[in-house]
Amino acid sequence: GIFLAGPLMSNIDNAIVGRSAGTAALAALSPGTVLSDQILYLFSFLGRATTGMTSRAYARGGHVEAKKALRRPLACSFAVGLLLLVPSYLFLTDGMLELLRVAPELRPDAAAYAQIR
């Protein structure tokens, strides 16, 4: 289910942007998608680790232990989210697109798409 959401969203975006904004905007979708998806994939371990930690804590001590075990990963996720949101998407997006060797004329559209996605 959830692993189909990204490709499905990309296909819908491709169809809409390709018909309405033209080929330059369509070309900017790919680096924007790579940038946003790779950052998300980098931290996909948090969801899996949280599930395992919480289920083991629930087996040990029920709801009370599960709530205690859930606090650390949620705090970590919140902190990582803030650290990624503020500097990465608001200030470093252009630099990251330059590292991906995106053509200068595509960077504004790719940055906008990455920030929206």
Side-chain angles (χ1 to χ4, degrees):
I2 191 70
F3 295 108
L4 293 176
L8 183 60
M9 185 169 65
S10 293
N11 285 335
I12 293 169
D13 290 344
N14 286 339
I16 292 171
V17 170
R19 288 198 178 266
S20 63
T23 57
L26 189 60
L29 287 183
S30 181
T33 300
V34 167
L35 184 62
S36 61
D37 285 354
Q38 293 305 316
I39 290 174
L40 290 174
Y41 292 145
L42 181 64
F43 292 100
S44 66
F45 72 91
L46 280 171
R48 291 174 179 88
T50 302
T51 302
M53 289 173 56
T54 306
S55 63
R56 284 191 298 274
Y58 183 77
R60 276 194 316 266
H63 292 294
V64 175
E65 288 296 317
K67 285 181 184 178
K68 286 181 186 177
L70 193 57
R71 287 183 189 144
R72 275 189 308 243
L74 285 179
C76 180
S77 298
F78 186 71
V80 166
L82 283 177
L83 289 172
L84 285 176
L85 173 71
V86 175
S88 295
Y89 284 115
L90 299 180
F91 302 115
L92 299 176
T93 304
D94 291 328
M96 288 188 276
L97 290 171
E98 187 174 336
L99 285 174
L100 290 173
R101 297 181 182 166
V102 176
E105 62 271 9
L106 297 178
R107 286 185 195 150
D109 289 336
Y113 182 68
Q115 290 170 348
I116 290 168
R117 189 170 172 148

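Counting begins at 1 with the first residue of the sequence. Just so we're clear, the structure is a prediction, and the values are computed from it rather than from any experiment.
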My understanding is that only residues two or more places apart in sequence, or in another chain, count here; which of them pass ring-ring contact (aromatic ring centres under 6.0 Å, His included) with Tyr58?
His63
Taken to the nearest 0.5 Å, the spacing of Met53 CE from Thr50 OG1 works out to 6.5 Å
From Glu98 CD over to Leu100 CG, what is the distance, rounded to the nearest 0.5 angstrom?
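Reported value, rounded in 0.5 Å steps: 10.5 Å.
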How about Phe45: does its CZ atom have over 12 heavy atoms from other parts shown lying under 6.0 Å from it?
yes
With hydrophobic residues grouped by side-chain heavy-atom distances under 4.5 Å, do Phe43 and Leu74 end up in a single group?
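No; tracing contacts between hydrophobic side chains, which count when under 4.5 Å, never links both residues.
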Between side-chain atoms of residues 66-73 and protein atoms elsewhere (two or more places apart, or another chain), which donor-acceptor pairs fall under 3.5 Å?
none

Looking only at heavy atoms, the pair that brings Ala111 and Asp94 closest together is CB-OD1, 3.8 Å
Please report the shortest heavy-atom distance between Arg107 and Leu97, naming the atom on each side.
O-CD1, 3.7 Å
Would you say the side-chain atoms of Thr54 pair up with the backbone N or O of Thr51, donor to acceptor, closer than 3.5 Å?
no
Could you pull out every donor-acceptor pair under 3.5 Å between side chains of residues 6-30 and any protein atom, sequence neighbours left out?
unit_1 : atom_1 : unit_2 : atom_2 : d
Ser10  : OG     : Gly6   : O      : 3.2
Ser10  : OG     : Arg117 : NH1    : 2.9
Ser10  : OG     : Arg117 : NH2    : 3.4
Asn11  : ND2    : Pro7   : O      : 3.4
Asp13  : OD2    : Tyr113 : OH     : 2.4
Asn14  : ND2    : Ser10  : O      : 3.3
Ser20  : OG     : Ile16  : O      : 2.7

